[in-house]
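The model shown is predicted, which means the values in this text are computed figures rather than measured ones. If you read the sequence from its start, that first residue is 1, and numbering goes on from there.
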Amino acid sequence: MTDWSAPDAIDCADEQVFQTLLDRVETREKGNYFEYFAEGDEIHHDPGLRLSQHGNEEWMGQTLNHDPAYWRPDDARERGFDEPPAHPDYLLACVMGITVEDLSEKGGYFLGRTDVTFHRTAYPGTELDVTSTVVDTRPSSSRPDYGIVTWESVGRDRETGEELVAYERTNMIPRREPVASDGGERQRSAARADGSGAVADESSPAEAATPDLPSTLVAPEGGTFEDFRVALERARDNGAAVAYRHERGRTMDERLVAGLPLSTLNTARQHHNRDVMADSPSGDIVAYGDVTRSIALAHARSDEATFRERRFENERFHDFVTLGDTIYGFSRVLDCDGEAGPDHTGAVTFEHVAFNQDSTPVYSGRRTALITRQ
């Protein structure tokens, strides 16, 4: 009898032998199917991640977030920080990246994120501790081979236990066993990929209505709180809206699409496995949604006197972002609150849209930030 455990019993590198072996072996899978998740479950994500100054500066440099308060001590102190902190986009991307292996590595469509709240400033050297709680699970009305899961994720300082950032996100997740479909109208809903996978529309509007838009769009004259407040007041007095686009663009290269996600421990194959993605609707690897988002926000911040980020809501990812796409930014001012924050700032709430070279929206979300006064 052949001893198959003997080192020379099988030549695994022989092409014919290897193909036979590959066809027969079991695949050790990564990630979890929809059936794994149950409402109320808490998941602790290992191995965590240590925020670094190198990672912080690389994220900011690659996404055009060129705010010196996050790398120059003198600017940091003027902004009220003890030292240059981790940029909030880098912090958020790292916290979410850590969760991918447990929550969404199987693939699936990123339906949105909301209630993104920054509780404390994080600094390079901080070790992250991240947990997620399953908020809701439900079947997908349009795709019987998927379910929909919503999690609340919290990133903490591992040493102190203090909350740094929290958010709620919703994904479609593949089922191990598809359920029967009712074959109804919503079965035809098309899924469109975004920077972290794809977005599927669970509804099917019959026809797009003609939009009711203001006759005039007003742009602020500068980037201070007063500039936004004056523009908003002027627009309200004239039945207009405050909306404008940002001139800069950023073309997606391999460092942005494949490198930055892996630096945050985002192991989703959508970002780095080209042979698998060649057969997907995108036809190629796609950008991490937080990279797309950060680029669009950088375009906006370059036209603002941003003091501090506060909150993000209703973030959605609308379409593929792949290698070679160029990301631009559009902003609308929704509200100004002069009573929020320190005396030298005011809170401004924006709606931001990232769009590509074909003017197709790829990301949208509402953001509230403290903006410096004149």
Side-chain angles (χ1 to χ4, degrees), residues 59-70 87-90 92-93 116 194-195 211 213-214 216-232 234-235 240-253 255-257 260 287-322 324-336 345-374:
W59 184 279
M60 291 188 296
Q62 291 292 324
T63 61
L64 301 181
N65 279 284
H66 300 161
D67 187 336
Y70 294 94
H87 194 280
D89 290 2
Y90 171 61
L92 181 60
V116 180
D194 82 302
L213 297 175
T216 303
L217 298 177
V218 175
E221 294 186 358
T224 68
F225 175 76
E226 286 85 357
D227 290 316
F228 292 113
R229 183 171 61 186
V230 168
L232 196 60
R234 182 158 56 97
V242 181
Y244 49 99
R245 63 182 294 175
H246 308 281
E247 184 176 13
R248 279 182 179 161
R250 177 73 165 96
T251 299
M252 291 292 188
D253 55 27
R255 182 63 191 142
L256 285 170
V257 174
L260 285 189
Y288 180 16
D290 273 336
V291 173
T292 301
R293 165 191 183 274
S294 190
I295 290 171
L297 296 178
H299 296 333
R301 291 168 180 142
S302 70
D303 292 324
E304 302 168 9
T306 314
F307 178 76
R308 200 74 54 89
E309 298 294 336
R310 298 195 76 179
R311 186 177 179 85
F312 292 84
E313 296 179 295
N314 301 328
E315 293 193 309
R316 295 180 296 153
F317 298 87
H318 303 281
D319 211 338
F320 294 113
V321 176
T322 61
D325 282 343
T326 301
I327 301 303
Y328 296 94
F330 170 96
S331 295
R332 181 165 70 111
V333 179
L334 303 178
D335 187 49
C336 290
T345 72
V348 181
T349 299
F350 302 90
E351 180 181 12
H352 296 297
V353 179
F355 61 97
N356 64 17
Q357 67 280 357
D358 299 320
S359 299
T360 301
V362 295
Y363 160 85
S364 64
R366 293 188 177 182
R367 162 181 170 249
T368 300
L370 296 179
I371 305 297
T372 302
R373 294 178 184 270
Q374 290 178 350

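The shortest heavy-atom contact between V348 and I371 is CG2-CG1, 3.7 Å. Closest approach of A231 to V242, counting heavy atoms only: O-CG2, 3.4 Å. A219 approaches Y244 most closely through the heavy-atom pair CB-CB, 4.1 Å.
Here the side chains of L370 and F225 are not in contact, with every heavy-atom distance at 4.5 Å or above. Looking at heavy atoms from C-beta onward, Y288 lies out of side-chain contact with L256 at the 4.5 angstrom threshold. Counting heavy atoms from C-beta on, the side chains of L260 and T63 come closer than 4.5 Å. In this structure, the side chains of T251 and Q357 stay at 4.5 Å or more apart for every pair of heavy atoms.
Sorted by first and then second residue, the salt bridge (Lys or Arg N to Asp or Glu O under 4.0 Å) pairs involving residues 352-372 (not counting sequence neighbours) are E304-R367, E309-R367.
Distance check: Y328 OH to S359 OG gives 9.0 Å after rounding to the nearest 0.5 Å. Within the model, atoms NE2 of H66 and CE of M60 stand 8.5 Å from one another, a figure rounded to the nearest 0.5 Å. Here the straight-line distance linking atom CG of D303 with atom CG of D227 works out to 11.5 Å at 0.5 Å rounding. Here the straight-line distance linking atom NE2 of H299 with atom CG of N65 works out to 9.5 Å at 0.5 Å rounding. Taking CZ from F307 and CG from D67, the interatomic distance works out to 11.0 Å, rounded to the nearest 0.5 Å. Once rounded to the nearest 0.5 Å, the distance linking CH2 of W59 with CG of L92 reads 8.5 Å.
Residue-environment remark: CD (Q374) exceeds the threshold of 12 foreign heavy atoms within 6.0 Å. Taking a 6.0 Å sphere around CZ of R248, one finds it holds 12 or fewer heavy atoms contributed by other residues, nucleotides or ligands. The number of heavy-atom neighbours closer than 6.0 Å to CZ of R245, taken from other residues, nucleotides and ligands shown, is 12 or below.
One finds a salt bridge joining D253 and R250 here, because a Lys/Arg side-chain nitrogen approaches an Asp/Glu carboxylate oxygen to under 4.0 Å.
Using cut-offs of 30° and 60° for the angle between ring planes, the F228 and F350 rings count as perpendicular. Classification of the Y70-H87 ring pair by plane angle, with boundaries at 30° and 60°, yields tilted.
A search for side chain to side chain donor-acceptor pair (under 3.5 Å) contacts involving Y363 returns E315, not counting sequence neighbours. Not a single side chain to side chain donor-acceptor pair (under 3.5 Å) links N356 to another residue, sequence neighbours left out.
Residue S364 is tested with H318, E351, H352 for a side chain to side chain donor-acceptor pair (under 3.5 Å); the sole match is H318.
A side-chain donor-acceptor contact under 3.5 Å links R373 to the backbone of T345.
Because its NZ or CZ atom is both nearer than 6.0 Å to the ring centre of F312 and within 45° of the ring axis, R293 counts as a cation-pi partner of that residue.
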